[in-house]
Amino acid sequence: QVQLVESGGGLVQPGGSLRLSCAASGRTFSNYAMGWFRQAPGKEREFVAAITASGRTTYYTDSVKGRFTISRDNAKNTLYLQMNSLKPEDTAVYYCATRPTVLVSTSPHQYDYWGQGTQVTVSS
C-alpha cells in the first residue's frame, strides 16, 4: 500500500519561507513522477509543481515560479517543496501526490495516491 505523509506546514508571515516534505513508502519512489497541489477554502484543488521520476525536469504553475522549488531525494524516498517569498494567497492545504509513470501531469486526476495534506497559512 502506497503511503504519502506530508510535513512542514505552519503559520508564516508574508515574505517568509517554509519547506514542505513528503515521505513516501509502498512504491519504488524513484520510478514515479511526483507533484504538489494545494486547495484553499471554497476552491478547487490546483496544481502547484511537479517533478519527473529522475528529478531532472520540473514544472510550476505561473503564480509560484521563481518563489517555489520542487525537489526529490530518491535515496530517502522524500519529496520537497521549498517555498520562499510567501504571500497570503498561498494559504491552503498542500498535498503531495504520485502517479504511475515517470512523466508529470498538471491534472490532479492523473495522480493515483495522495497524502493527507499539510496546512500552510500566510498571515501577519
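Keep in mind that the numbers below use all heavy atoms, side chains included, and drop hydrogens, waters and symmetry copies.
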- Under the side-chain contact (heavy atoms from CB on, under 4.5 Å) test, residues paired with Asn74 that sit two or more places apart: Phe29, Ser30, Arg72
- Note on the structure: For residues 51-66, the salt bridge (charged side-chain N to carboxylate O under 4.0 Å, His left out) pairs (sequence neighbours left out) are Asp62-Lys65
- Message: With clusters defined by side-chain heavy atoms of hydrophobic residues (ILVMFWY) lying less than 4.5 Å apart, directly or transitively, does Trp114 cluster with Phe47?
- Response: yes
- Message: Tell me every residue that passes side-chain contact (heavy atoms from CB on, under 4.5 Å) with Ser63, counting only those two or more places apart in sequence or in another chain.
- Response: Arg38, Thr61
- Answer whether the closest heavy-atom distance between the side chains of Val122 and Gln13 falls below 4.5 Å. no
- Query: Got more than 12 heavy atoms from elsewhere within 6.0 Å of CD, Glu44?
  - Reply: no
- What heavy-atom pair brings Ser124 and Pro14 nearest, and what distance separates the two atoms? N-CD, 3.7 Å
- What one should report as the nearest heavy-atom pair of Arg67 and Ser85 is NH1-O, 2.9 Å
- Note on the structure: Under a side-chain separation threshold of 4.5 Å, the hydrophobic residues clustered together with Val102 are Leu103
- Message: Determine whether Leu86 and Leu18 satisfy the following criterion, side chain to side chain contact (heavy atoms under 4.5 Å, CB included), listing intermediate values before the conclusion.
- Response: CA-CA 8 Å; Leu86 282 160; Leu18 284 174; 4.2 Å; yes
- Which atoms form the tightest heavy-atom contact between Ala24 and Leu4, and what is the distance? CB-CD2, 3.5 Å
- Note on the structure: So the ring pair (Phe, Tyr, Trp, His ring centres under 6.0 Å) pairs with at least one residue in residues 69-102 (sequence neighbours excluded) are none
- Query: Got a sec, which residues hit side chain to side chain donor-acceptor pair (under 3.5 Å) with Thr101, two or more places apart in sequence or on another chain?
  - Reply: none
- Taking every non-hydrogen atom, the tightest pair across Thr78 and Ala23: OG1-CA, 4.4 Å
- Within residues 50-74 or reaching into it, pairs that qualify as ring pair (Phe, Tyr, Trp, His ring centres under 6.0 Å) - sequence neighbours excluded: none
- Item | Non-neighbouring partners of Ser17 that pass side chain to side chain donor-acceptor pair (under 3.5 Å), sequence neighbours left out | Asn84
- What residue pairs, at least two apart or across chains, pass disulfide (SG to SG under 2.5 Å) with a residue in residues 83-124? Cys22-Cys96
- Message: With rounding to the nearest 0.5 angstrom, report the NE2 to CZ distance, His109 to Arg45.
- Response: 10.0 Å
- Residue pairs passing the salt bridge (charged side-chain N to carboxylate O under 4.0 Å, His left out) test with at least one member in residues 16-30, sequence neighbours excluded, are Arg27-Asp112
- Query: Measuring from Asn77:CG to Ser25:OG, what's the distance to the nearest 0.5 Å?
  - Reply: 8.0 Å
- What residues, two or more places apart in sequence or in another chain, satisfy ring-ring contact (aromatic ring centres under 6.0 Å, His included) together with Tyr111? Phe37
- Query: Restricting to pairs with a member in residues 32-68, which pass disulfide (SG to SG under 2.5 Å), not counting sequence neighbours?
  - Reply: none
- So Thr57 and Val104, side chain to side chain contact (heavy atoms under 4.5 Å, CB included) or not? Walk me through it. CA-CA 9 Å; Thr57 306; Val104 302; over 6 Å; no
- Is Ile70 linked to Tyr113 within one hydrophobic cluster, defined over Ile, Leu, Val, Met, Phe, Trp and Tyr using a side-chain heavy-atom separation of less than 4.5 Å? yes
- Query: Do the side chains of Leu79 and Asp73 get nearer than 4.5 Å, heavy atoms only?
  - Reply: no
- Note on the structure: Note: Trp36 and Leu81 closest approach over all heavy atoms is NE1-CB, 3.4 Å
- Query: Any side-chain heavy atom of Val2 sitting closer than 4.5 Å to one from Thr98?
  - Reply: yes
- Give a yes or no on whether Val93 and Met34 share a hydrophobic cluster (residues Ile, Leu, Val, Met, Phe, Trp, Tyr; joining criterion: side-chain heavy atoms under 4.5 Å apart). no
- Give the intermediate values and the outcome of side-chain hydrogen bond (donor to acceptor under 3.5 Å, both in side chains) for residues Glu89 and Thr91. CA-CA 5 Å; Glu89 51 263 43; Thr91 295; over 6 Å; no
- Taking the side chain as C-beta and beyond, is there a heavy-atom pair between Met83 and Val120 under 4.5 Å? yes
- Item | Shared hydrophobic cluster for Val64 and Val12 (ILVMFWY, side-chain gaps under 4.5 Å) | yes
